[in-house]
2 protein chains.
Amino acid sequence: MKTTRSTTAKTAIYELIMNSDVALSHSEIQKLAGDLCDRVTIYRILDRLVIEDVIHKIATPDGLLKYAVCQKTEKHSHNHIHFSCENCLSVTCLDAVEPIFEVPENYSIKGVNFTVSGFCPNCS
Amino acid sequence: MKTTRSTTAKTAIYELIMNSDVALSHSEIQKLAGDLCDRVTIYRILDRLVIEDVIHKIATPDGLLKYAVCQKTEKHSHNHIHFSCENCLSVTCLDAVEPIFEVPENYSIKGVNFTVSGFCPNCS
DNA sequence: AATAATAACGCAACACTGTTGCAATAAATT
DNA sequence: AATTTATTGCAACAGTGTTGCGTTATTATT
């Protein structure tokens with residue numbers, strides 16, 4: 001069977017995302033990582049971390065992908081709101097807030113991606 | 001002042017989006033439009049239609065941008081849920097459903113982008 | 001209806017984002 | 001230490017979106 005290995009690049013990138021208070025895009029991670037590894041490797045590491053469920057992917061209203069480690073509460077939930085600042089373009093997880101919604105019963109739900117945009121506390 | 005003009009390409013593209021029951025991406029519109037106009041023109045027309053507030057932009061969980069004309073109810077609201085099918089990749093507006101949520105008061109809200117993903121009625 | 005002003009267009013070129021194949025490297029197991 | 005193979009780097013490619021500029025076509029004005 002296919003196992004997963006922990007490499008220097010993978011741990012370093014996980015640390016970057018872990019220690020950031022905003023969600024990071026691939027290009028932001030690339031800048032932060034410097035010459036840690038090739039940019040293709042960053043893509044592959046991000047994919048793996050998402051599959052391993054230690055980070056999650058967020059699409060901003062402009063279609064840019066960002067990655068964040070969410071606070072794991074009692075049971076981990078991706079069912080929370082993200083805030084996307086139109087001014088500084090930062091994306092943050094609003095872990096405390098859980099949206100309430102319903103969909104028609106013939107739809108089956110596998111995941112949610114809720115993003116509210118506007119101005120964050122720093123930019124208001 | 002800068003005025004807006006109605007051209008054949010613009011009306012045709014608006015018709016395409018209008019008559020589609022799912023949200024359309026740029027490339028889908030390009031295929032449907034054939035040799036109606038250059039692909040750069042499609043980008044510019046989409047931007048204008050969004051600014052004119054007759055269509056709205058949706059980011060799928062994979063960061064792909066799609067465009068749709070939403071049903072205008074009594075007062076037009078972009079504050080509804082979109083459904084993104086993981087199988088057929090279609091995006092539809094669930095106009096009837098309005099999510100309930102709260103954000104901390106130091107955030108100011110200008111827009112929302114709520115996408116639920118899973119399997120649509122056709123793919124369940 | 002002809003003219004003038006300029007929004008919109010086509011084309012070419014570019015920048016950014018993400019993917020794939022393959023040989024080389026390094027992590028985990030024996 | 002040797003073996004297995006997951007992971008990496010590199011090169012090349014594909015898709016997505018943008019910009020500049022000369023030309024075309026829409027709209028308003030005469």
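To find a chain, count down the sequence lines: A is the first, B the second, and so on, and within it residues start at 1. The basis for the numbers below is simple: all heavy atoms, side chains too, and nothing from hydrogens, waters or symmetry mates.
If you take NE2 of H26(A) and P of dG15(D), they are 19 Å apart, rounded to a whole angstrom. Between the CG atom of L49(B) and the P atom of dA8(C) there is a distance of 11 Å, given to the nearest Å. Atom CD1 of I51(A) and atom P of dA6(D) are 13 Å apart (whole Å). As rounded to whole Å, 4 Å separates atom P of dT8(D) from atom CZ of R48(A). In this structure, CG of L36(B) is placed 16 Å from P of dA8(C), rounded to the nearest angstrom. Taking atom CG of residue D38(B) and atom P of nucleotide dA8(C), one finds them 16 Å apart after rounding to whole Å. Put simply, CD on Q30(A) is 12 Å from P on dG9(D), counting in whole angstrom units. Spacing between atom NZ of K31(A) and atom C1' of dC16(C) amounts to 11 Å, rounded to whole angstrom units.
When all heavy atoms of C93(A) and H82(A) are compared, the pair lying nearest together is SG-CD2, 3.5 Å.
Side-chain contact, K10(A) with T41(A): no donor N or O sits under 3.5 Å from an acceptor N or O.
A donor-acceptor contact under 3.5 angstrom links the side-chain atoms of R5(A) to the base of dT5(D). Side-chain atoms of R39(B) stay outside donor-acceptor range of the base of dG10(C), with no qualifying N/O pair under 3.5 Å. At a cut-off of 3.5 angstrom, counting only N and O atoms as typed in the model, there is a donor on one side and an acceptor on the other between the side-chain of R44(A) and the base of dG9(D).
Side-chain nitrogen and oxygen atoms of T7(A) include none within less than 4.0 Å of the OP1 or OP2 phosphate oxygen of dA6(D). Between S6(B) and the phosphate of dT27(D), there is a side-chain N or O to OP1/OP2 separation shorter than 4.0 Å. The side chain of T3(A) places no N or O atom within less than 4.0 Å of a non-bridging phosphate oxygen (OP1 or OP2) of dA6(D).
Two residues, D47(B) and T4(B), neighbour DNA chain D, and the one matched to the more 5' nucleotide by heavy-atom proximity is D47(B). Judged by closest nucleotide on DNA chain C, C37(B) is the one of D62(B) and C37(B) placed further toward the 5' end. Of the residues near DNA chain D, V40(B) and D35(A), the one whose nearest nucleotide (by heavy atom distance) lies more toward the 5' end is D35(A).
Nucleic acid contact for L64(A): none, since no nucleic acid atom lies under 4.0 Å from a heavy atom of the residue.
Side-chain proximity of Y43(A) to dC10(D), dA8(C), dG18(C): nearest is dG18(C).
A distance of 6.0 Å or more separates the ring centres of H56(A) and Y67(A). Under the 6.0 Å cut-off for aromatic ring centres, F101(A) and F114(A) qualify, their centroids lying closer than that.
In the displayed structure, E102(A) atom CD is contacted under 6.0 Å by at most 12 heavy atoms of other residues, nucleotides or ligands.
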